[in-house]
Visitor: 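Below is one structure. I have some questions about it.
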Amino acid sequence: MTITAGVPPTHSTPEALARGFLTGGVAGTSLAALVVGGIIEKVPLFVAGLVVPTVYGLLLFLAGAPRRRREAAVVPRTALATIESLKAIGGESSDVPVRFDLTVAPDDEPAYRVEITQDINLVDLPDYRPRGILVVQYPPDRPWRVRIVKRPTPEWEERAAGACLDSVPGPATVSEPPEGCAFGFVGLLGLLLGAAVVIGLFRADLFDGDATARQPSSSKPSVSSSSSTSSSSSTSSTTVVSSASGTVALGPDQSMLDKDELRRAIDSLTEDKGEGGKDKGEDNGEGKREGGGEGGGKRSALTVVVQERLLSVVFSPTGTQAPQFDPRSLPYERFPALVEEARTTLGIRSPQTWQITAERLTGSLTIRVGVTGAEGTASLEADGQGKVVRRTRVG
């Protein structure tokens, strides 16, 4: 029998484009609100940068409830499948995520190949082996969402015991249709517009803050800014530090996950020394010095955000009661492994972006690793030692 299959065509529906634009806009707005709110020390704006994506995620979840109900009401189709290959991809509990390459053979349709990831109990893992026959189910309109039936009915169990299925060639693999280039474009456009709106609304405070930092004042604390740029034929980096926040941006062919790169970046932001080995400080008009200290300025942080080539730290304002932590205490040596686990074990087949956020909003230090791909967004959480405590898979 000749089997004809191919990759589903790329599609960008108006609904998907609108969702991509809104998601990009929320991301740009929240990130800009965090950075601008930290620079101009506007607490409501900074809090809004944390609240907006949370509210948007909740609304997105509620808006998708009718679709999920419709999908749940569809009667799944049952078929036999043979295991072409399988590989355990991690896990710290009794259920291990296993990536299967299957040939699915429906009764009334051509067979096809599909790759899935499903949790399998360690006790049952020896029952799954190459060329083994399984009973699977999938929605008729989404054949790529195949799930292994662990306890099939006696009829299907009997069919599986006596079945022998031929392999389907790799090019017949079925996967979820990608969103397309238009989805990525409108997402980027939304991100830029969202950031531009926030910066435009607070541009006066930003520019006034810069002017105040350049001109000494006896009635206001000084906001000192410094930047350094080093470049060569292939790498460059830029560091900007102020009293409220700091950023380090790397050039092409560099990554924050490179060995010791994060440690160097954090040290460049947290050790703000002035002349003679002392931190910079100025009189605030009441006979007190602000922004200064002895021996290198051990600065606490409210939030640390790490992306591929960007590190952002929002420092704790003087006298704040908000939960804070020493950014140098984070387990940076664990970050590459956490990112790799998020990219490979949470159901995202083709990860596009990742982000690490460290904060103490709940009282204890939380390290959240989010990864985004065509399937959506997934995340995992780790404690202050870098040990994974929670996973939120896509789908």
Visitor: Any salt bridge linking Glu115 with Arg349? Criterion: basic side-chain nitrogen under 4.0 Å from a carboxylate oxygen.
Guide: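 Result for this pair is no, no salt bridge flagged.
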
Visitor: To the closest 0.5 Å, what do you measure between CG (Leu80) and SG (Cys164)?
Guide: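 Here the rounded value is 11.5 Å.
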
Visitor: State yes or no: do Val26 and Leu60 share one hydrophobic cluster built from I, L, V, M, F, W and Y residues joined by side-chain heavy-atom distances below 4.5 Å, directly or via other members?
Guide: yes

Visitor: For the pair Gln385 and Arg334, evaluate side-chain contact (heavy atoms from CB on, under 4.5 Å) and give the outcome as yes or no after the intermediate values.
Guide: CA-CA 8 Å; Gln385 285 73 46; Arg334 286 279 299 144; over 6 Å; no

Visitor: Looking at every heavy atom in both Ala244 and Arg299, which two are closest together, and how far apart are they?
Guide: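 Result for this residue pair: N-NH2, 4.3 Å.
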
Visitor: With a 4.5 Å limit on heavy-atom distance, are the side chains of Val146 and Tyr112 in contact?
Guide: yes

Visitor: Quick one: pull up CD1 in Ile83 and CD1 in Ile148 and give me the separation to the nearest 0.5 Å.
Guide: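 The CD1 atom of Ile148 is 6.0 Å from CD1 of Ile83, to the nearest 0.5 Å.
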
Visitor: Between Asp258 and Ser255, is there a donor-acceptor pair closer than 3.5 Å when you use the side chain of the first and the backbone of the second?
Guide: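 Yes, Asp258 side chain to Ser255 backbone: donor-acceptor pair under 3.5 Å.
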
Visitor: Kindly compute the distance separating CD (Glu41) from OG (Ser245), expressed to the nearest 0.5 Å.
Guide: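 Nearest 0.5 Å value for the CD-OG distance: 9.5 Å.
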
Visitor: Could you check if a side-chain atom of Ser268 sits within less than 4.5 angstrom of a side-chain atom of Val248, using non-hydrogen atoms only?
Guide: yes

Visitor: Taking the side chain as C-beta and beyond, is there a heavy-atom pair between Arg159 and Asp107 under 4.5 Å?
Guide: yes

Visitor: Tell me every residue that passes ring-ring contact (aromatic ring centres under 6.0 Å, His included) with Phe325, counting only those two or more places apart in sequence or in another chain.
Guide: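 With sequence neighbours excluded, Phe325 shows a ring-ring contact (aromatic ring centres under 6.0 Å, His included) to no residue whatsoever.
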
Visitor: Show every salt bridge (charged side-chain N to carboxylate O under 4.0 Å, His left out) that has at least one partner inside residues 146-155, sequence neighbours left out.
Guide: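 Listed once each, the pairs would be none.
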
Visitor: Indicate yes or no for a side-chain donor-acceptor contact from Arg203 to the backbone of Gly200 under 3.5 Å, with no hydrogens or angles considered.
Guide: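 Side chain of Arg203 to backbone of Gly200: a pair is present.
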
Visitor: Go through the steps to decide whether Ile40 and Phe202 satisfy the test side-chain contact (heavy atoms from CB on, under 4.5 Å), and finish with yes or no.
Guide: CA-CA 9 Å; Ile40 66 177; Phe202 295 93; 4.1 Å; yes

Visitor: In the structure I gave you, are the side-chain heavy atoms of Ile120 and Val96 within less than 4.5 Å of one another anywhere?
Guide: no

Visitor: What heavy-atom pair brings Ala27 and Ser30 nearest, and what distance separates the two atoms?
Guide: O-OG, 3.1 Å

Visitor: Please answer whether the main-chain N or O of Thr345 pairs with a side-chain N or O of Arg99 as donor and acceptor at a distance below 3.5 Å.
Guide: no

Visitor: What pair of heavy atoms forms the shortest contact from Ser312 to Thr247, and how long is it?
Guide: OG-CG2, 3.8 Å

Visitor: In terms of hydrophobic clustering (I, L, V, M, F, W, Y; side-chain heavy atoms under 4.5 Å; direct or indirect links), are Val51 and Leu31 co-clustered?
Guide: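 The answer is no; the residues belong to distinct hydrophobic clusters.
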
Visitor: Test of understanding: clusters of I, L, V, M, F, W, Y form through side-chain heavy atoms closer than 4.5 Å, transitively. Do Leu365 and Leu269 belong to the same one?
Guide: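 Yes; Leu269 is reachable from Leu365 via cluster members.
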
Visitor: Is a salt bridge present between Arg263 and Glu333, judged by a nitrogen-to-oxygen distance below 4.0 Å?
Guide: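 Looking at Glu333 together with Arg263, the answer is yes, because their closest N to O distance falls below 4.0 Å.
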
Visitor: Measuring from atom OG of Ser85 to atom CZ of Arg131, what distance do you get when rounded to the nearest 0.5 angstrom?
Guide: 10.5 Å

Visitor: Around Glu158, counting heavy atoms of other residues, nucleotides and ligands shown, do more than 12 lie under 6.0 Å from its CD?
Guide: no

Visitor: Going by the rule ring-ring contact (aromatic ring centres under 6.0 Å, His included), which residues pair with Tyr332 if we only count those two or more places apart in sequence or in a different chain?
Guide: Phe335

Visitor: Determine whether more than 12 heavy atoms belonging to other residues, nucleotides or ligands lie under 6.0 Å from atom CZ of Arg68.
Guide: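 Yes, CZ of Arg68 has more than 12 neighbouring heavy atoms, counting only those of other groups under 6.0 Å.
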
Visitor: Would you say the side-chain atoms of Gln254 pair up with the backbone N or O of Arg309, donor to acceptor, closer than 3.5 Å?
Guide: no

Visitor: Check step by step if side-chain contact (heavy atoms from CB on, under 4.5 Å) holds for Ile367 and Ile356.
Guide: CA-CA 7 Å; Ile367 301 172; Ile356 301 175; 3.8 Å; yes

Visitor: If you measure only the distance, is there a donor-acceptor pair under 3.5 Å linking the side chains of Thr78 and Gln137?
Guide: yes

Visitor: So do the side chains of Val98 and Leu125 get within less than 4.5 Å of each other, counting heavy atoms only?
Guide: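 Counting from C-beta outward, Val98 and Leu125 do come under 4.5 Å.
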
Visitor: Looking at side-chain heavy atoms only, is the closest gap between Thr82 and Leu102 below 4.5 Å?
Guide: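 Result no, sub-4.5 Å side-chain heavy-atom pair not found.
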
Visitor: What I want to check is whether the side chains of Ser167 and Glu84 have a donor and an acceptor closer together than 3.5 Å.
Guide: yes

Visitor: In terms of hydrophobic clustering (I, L, V, M, F, W, Y; side-chain heavy atoms under 4.5 Å; direct or indirect links), are Val52 and Val305 co-clustered?
Guide: no

Visitor: Measure the spacing between OG1 of Thr366 and CD of Glu381 and express it to the nearest 0.5 Å.
Guide: 6.0 Å

Visitor: Using 0.5 Å steps for rounding, measure from the OG1 atom of Thr103 to the CZ atom of Phe100.
Guide: 13.5 Å

Visitor: May I ask you to decide whether Asp267 forms a salt bridge with Arg328, counting only side-chain N to carboxylate O separations under 4.0 Å?
Guide: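 No, Asp267 and Arg328 are not salt-bridged.
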
Visitor: What I want to check is whether the side chains of Tyr56 and Thr23 have a donor and an acceptor closer together than 3.5 Å.
Guide: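 Yes, a side-chain donor-acceptor pair sits under 3.5 Å.
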
Visitor: Only one of Leu311, Val339, Leu310 forms a side-chain contact (heavy atoms from CB on, under 4.5 Å) with Met256, so which one is it?
Guide: Leu311

Visitor: Are the charged groups of Asp119 and Arg393 less than 4.0 angstrom apart, N to O?
Guide: yes

Visitor: According to a hydrophobic-cluster definition based on side-chain heavy atoms being under 4.5 Å apart (Ile, Leu, Val, Met, Phe, Trp, Tyr only), do Val136 and Leu165 belong together?
Guide: no

Visitor: How close do Val314 and Gly38 get, heavy atom to heavy atom, and via which atoms?
Guide: CG1-CA, 4.4 Å

Visitor: What's the shortest heavy-atom distance between Ala195 and Ala32, and which atoms?
Guide: CA-CB, 3.8 Å

Visitor: In the structure I gave you, are the side-chain heavy atoms of Leu262 and Val306 within less than 4.5 Å of one another anywhere?
Guide: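 Counting from C-beta outward, Leu262 and Val306 do come under 4.5 Å.
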
Visitor: Output, in order, the C-alpha distance, side-chain angles, deciding distance and verdict of side-chain contact (heavy atoms from CB on, under 4.5 Å) for Leu201 and Val197.
Guide: CA-CA 6 Å; Leu201 290 175; Val197 167; 4.0 Å; yes

Visitor: Heavy atoms only: give me the nearest Gly373-Ile348 pair and the separation to one decimal.
Guide: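 Scanning both residues completely, I find the closest heavy atoms to be CA-CG2, 3.8 Å.
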
Visitor: Would you call Val313 and Ile266 a side-chain contact if the rule is heavy atoms closer than 4.5 Å?
Guide: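 Touching, per the 4.5 Å side-chain cut-off.
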
Visitor: Does a donor on one side chain sit under 3.5 Å from an acceptor on the other, for Gln307 and Trp354?
Guide: no

Visitor: Counting heavy atoms not belonging to Arg390, are there more than 12 under 6.0 Å from its CZ?
Guide: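 For Arg390, atom CZ is not crowded (no more than 12 foreign heavy atoms under 6.0 Å).
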
Visitor: Would you tell me whether Thr303 and Arg360 have side-chain atoms, one donor and one acceptor, within less than 3.5 Å of each other?
Guide: no

Visitor: If you count the non-hydrogen atoms of other residues, nucleotides and ligands that lie under 6.0 Å from CG in Asp166, is the total more than 12?
Guide: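 Incorrect, the count does not exceed 12.
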
